[in-house]
Amino acid sequence: MSTDEKMTVDERRKYVRMMKGRYAKEGRKEKGRLMDEIKAITEYDRKYLIRLMKGDGKRRPRQGGRGRKYGGEVDDALRVISESLDNICAERLTPNLVWVAEHLARHGEMEVSDSLLVLLEQVSISTVGRILMRIRQDERRLPRRGPRRENAVLRDIPMLRLDWDIPVPGYFE
């Protein structure tokens, strides 16, 4: 391995596991020197290395974060409500979610449960914005028009910018 190449995470972990046996056998001064060497090679922080030397050396999976509070039922409701209100922004949509959902349920456009109404009442503007962004990613976009072609007649007529305060008659305003 050349000096400019960096070690991968797995290579660093393997090196630390190999040095762990030597580290456990050594005395206090030698452990310090060994720690300096390992730190120089792996570029890990010293406290992190101490933790690795004391632990079992296995990588642990990340802890799962918070689960989703608003599931697919809210996504579907927001899709229907947003389309019925012509895809208005989240700031205008959020305060009106509950009564629009009840109104659409009365007309048979969507099914509404009590739990859905409670969730629609609690959802924040930023969460509605994130859900709407995710929903709109699935929709197809209209094709964009290309640049306009230059008109041949207009090309032959000379046009320039003039000063706005010309007192002489004969200029079109």
Side-chain angles (χ1 to χ4, degrees), residues 1 4-17 20 38-155 159-162 164 173:
M1 183 164 79
D4 4 331
E5 288 184 37
K6 293 196 175 210
M7 296 172 80
T8 64
V9 175
D10 291 329
E11 290 172 343
R12 291 178 190 178
R13 289 289 187 137
K14 185 176 181 181
Y15 178 74
V16 169
R17 278 195 306 269
K20 191 173 178 179
I38 297 170
K39 181 182 176 201
I41 292 174
T42 61
E43 299 177 1
Y44 279 150
D45 187 57
R46 194 175 187 89
K47 288 290 183 182
Y48 181 62
L49 283 173
I50 291 170
R51 228 176 302 135
L52 286 177
M53 293 297 181
K54 288 182 178 180
D56 57 1
K58 294 181 182 174
R59 294 180 77 176
R60 288 170 185 76
R62 285 188 176 176
Q63 299 295 320
R66 278 192 313 202
R68 283 184 66 182
K69 181 175 182 181
Y70 307 104
E73 187 180 18
V74 174
D75 291 358
D76 295 338
L78 280 175
R79 180 180 288 117
V80 172
I81 294 170
S82 177
E83 286 175 6
S84 66
L85 295 177
D86 289 333
N87 295 318
I88 61 174
C89 65
E91 287 80 8
R92 291 182 179 213
L93 182 66
T94 306
N96 302 308
L97 284 175
V98 176
W99 77 264
V100 172
E102 291 170 345
H103 181 74
L104 290 173
R106 274 193 302 259
H107 292 282
E109 294 293 324
M110 63 184 285
E111 293 181 18
V112 177
S113 64
D114 291 335
S115 61
L116 176 63
L117 289 177
V118 169
L119 289 174
L120 289 177
E121 209 171 283
Q122 293 175 353
V123 68
S124 69
I125 295 172
S126 55
T127 303
V128 170
R130 284 190 293 269
I131 293 172
L132 289 178
M133 266 196 332
R134 194 173 63 239
I135 289 171
R136 290 178 185 148
Q137 283 178 347
D138 300 337
E139 295 174 2
R140 296 199 56 193
R141 296 174 68 188
L142 294 173
R144 300 261 170 117
R145 292 176 108 187
R148 286 186 171 177
R149 293 194 189 121
E150 189 177 336
N151 191 340
V153 176
L154 289 178
R155 188 176 45 215
M159 288 192 217
L160 1 138
R161 282 201 181 127
L162 301 173
W164 65 274
E173 200 173 292

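Any value given below was found using the heavy atoms of this structure, including those in side chains, with hydrogens, waters and symmetry copies removed.
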How far does [atom1] of [X] sit from [atom2] of [Y], to the nearest 0.5 angstrom?
X	Y	atom1	atom2	value
R134	I131	CZ	CD1	5.5 Å
Y70	L120	OH	CG	9.0 Å
I81	N87	CD1	CG	12.5 Å
I135	L78	CD1	CG	5.5 Å
K14	T8	NZ	OG1	10.0 Å
I41	M7	CD1	CE	7.0 Å

Legend entry - D10 bridged to R13 by N-O distance under 4.0 Å: no
Inset, instruction - Grab the two heavy atoms, one from E102 and one from L117, that are nearest each other, plus how far apart they are. - result: OE2-CD1, 3.9 Å
Inset, instruction - Locate the shortest heavy-atom distance separating R12 from E43; write the atom from each residue and the value. - result: NH2-OE1, 4.3 Å
Any heavy-atom pair between the side chains of [Y] and [X] that's under 4.5 Å?
X	Y	answer
E121	L97	no
L132	S82	yes
V118	D114	no
Y15	I38	yes
T127	K69	no
S113	E73	yes
S84	M110	no

Legend entry - Within 6.0 Å of CD in E111, more than 12 heavy atoms from elsewhere: no
Legend entry - Greater than 12 external heavy atoms within 6.0 Å of R68's CZ: yes
Inset, instruction - Apply the test side-chain contact (heavy atoms from CB on, under 4.5 Å) to residues V123 and L119: give CA-CA distance (whole Å), side-chain angles for both, the deciding distance (0.1 Å), then the verdict. - result: CA-CA 6 Å; V123 68; L119 289 174; over 6 Å; no
